[in-house]
Amino acid sequence: MNDEGDLLQEDTTKDEGNETEASRMSKLRRTRKKVTKPHLCSMDVGEVNVASSNDRNRDNAQILTPPQLSSRMKHIKQEMAKNHLQFVRFEATDLHGVSRSKSIPAHFFQEKVIHGVFMPRGYLELMPNLKDNEVNHIRATCFNSDIVLMPELSTFRVLPWAERTARVICDTFTVTGEPLLTSPRYIAKRQLRQLQDSGFSLFSAFIYDFCIFGVPEVINSKTISFPASTLLNNHDQPFMQELVDGLYHTGANVESFSSSTRPGHMEICFLPEFGISSADNAFTLRTGVKEVARKYNYIASFFIETGFCNSGILSHSVWDTDGKKNMFCSSSGTEQLTVTGKKWLSGLLKHSAALSCLMAPAVSCRKRYSKESKDQKESVPTTWGYNDNSCAFNIKCHGEKGTRIENKLGSATANPYLVLAATVAAGLDGLQNSDGTLVGPDEGTDLSQSKPSEIPLKLEDALVALEEDQCLREALGETFIRYFVAMKKYELENEETDAERNKFLEYFI
């Protein structure tokens, strides 16, 4: 593809880059006009998705040929024998980003690789008693039908925190062989494919905050969990060390971990990877931290003791398809976004209201946006800045990773696949429709937009913003939007403050 070096870093080079920029935008528009096929790949339910674990384009599903299947299964069988495995979990994400799985005896693994594992559809879509006029089930017999878990064999890993057990992350299909259109992982893969078709790839990593609580104690007839105060410093951390080592052995490389602002409050940063891997790593953490915590008689939660949600940041940059050039980095050495980066950021700002619905999907999550302010506001401005950790979109230009944007709208309870998919969809729209022009003498004040972007503080208003955002509706799919909105409205109608506060201990880790 064309080199990004002439992409208008400074005013003196704008004329030289016009032709290249026009060519790239033309390609983007052609990509947007393509009809998105409803299938992740043309495969029957009996066929298997797999790609090399070293392939940065793992998000593009591939059909396994018989020789490839034989080679892959030979390697997996060796791993199973070496580790004396008894069970394999077939895991898939539900709409909340929580792992829903079925474990099968290891000696049935090859059979299930070919034919898949069946699971009730409602386990993943989480909506009881749906009304016919609320949700379109799209070519499924009914909401209570089965779906099929088909493993992506490149995600096969022995689980260090589960005895003689391995796991494999699955894509979900209907019994007629079509991708489940509400599947967050499928939606994320589809957006990554759109990005690749436009000549780019995503290099990203999640940064999570979570809390560790001790064994619940009964005080004055109330069950209370106290923070694990030993995790306030960096000296007594066998739990964190076991968690990080376990994540490494599941293919999720941790760059750093540290104590945060209060006892038992931890931060963990993953190394950035291309494609779907960053979301897979976050998905692995959400289950792994809970299982390791139980070994130490701890409870792990993505809520903090005040009932607020912790943050779940997506740090990302856009590269060429070869993964050799960061399209956000200026070749001039200045700490400024390139025109490509400015356009991407414009898309994030433009769609921030709808993005916030997917990234802070619970009432308590949205308290972060007001920063505990007592002022009664309906919305707050969407902020951005260079190396400013207080902003919703923080542009970091330092370090060996090069320029990257931290999307800080997300809470740690958000589904990582949806965070990734929505970020890519908004960024792609910015690449297509924004000129990335900056106003202000230092080019660091604001991006020109038709109107300032605002983040709704109420979940109800954010749901309206999502429903009215035509770009995200098209990118994520009408079926998914209707399911997601119906699920959130159901939760709001049945919300009880105490119940929401307590359920994090068992479900929203």
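Of the N and O atoms on the side chains of Gln196 and Thr321, not one donor lies less than 3.5 Å from an acceptor on the other residue. Side-chain atoms of His351 and Asp429 include a donor-acceptor pair closer than 3.5 Å. At a cut-off of 3.5 Å, with distance as the only test, a side-chain donor of Arg167 or Thr284 sits close to an acceptor on the other residue. Between the side chains of Trp319 and Ser317, at least one donor N or O lies within less than 3.5 Å of an accepting N or O. In summary, the side chains of Asn389 and Asn394 do present a donor paired with an acceptor at a separation below 3.5 Å, with no hydrogens or angles considered.
For an aromatic pair to be called close, the ring centres must be under 6.0 Å apart, and Phe206 with Tyr208 satisfies this. The six-membered or imidazole ring of Phe274 lies near that of Phe203, with a centre-to-centre distance under 6.0 Å.
The SG atom of Cys391 sits 8.0 Å away from atom NZ of Lys408, with the distance rounded to the nearest 0.5 Å. Rounded to the nearest 0.5 angstrom, Met266 CE and Phe239 CZ are separated by 8.0 Å.
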(request) Apply side-chain hydrogen bond (donor to acceptor under 3.5 Å, both in side chains) to the pair Thr413 and Ser411, showing each step before the final yes or no. (result) CA-CA 5 Å; Thr413 56; Ser411 73; 2.9 Å; yes

(request) Give the intermediate values and the outcome of side-chain hydrogen bond (donor to acceptor under 3.5 Å, both in side chains) for residues Tyr417 and Asp280. (result) CA-CA 8 Å; Tyr417 295 107; Asp280 283 345; 2.5 Å; yes

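Partners of Thr382 according to the side-chain hydrogen bond (donor to acceptor under 3.5 Å, both in side chains) rule, which considers only residues two or more places apart in sequence or in another chain, are Ser352, Ser453. Looking at residues two or more places apart in sequence or on another chain, you find no side-chain hydrogen bond (donor to acceptor under 3.5 Å, both in side chains) involving Asn83. With sequence neighbours left out, the side-chain hydrogen bond (donor to acceptor under 3.5 Å, both in side chains) criterion links Lys396 to Glu406.
One finds a salt bridge joining Glu152 and Arg185 here, because a Lys/Arg side-chain nitrogen approaches an Asp/Glu carboxylate oxygen to under 4.0 Å.
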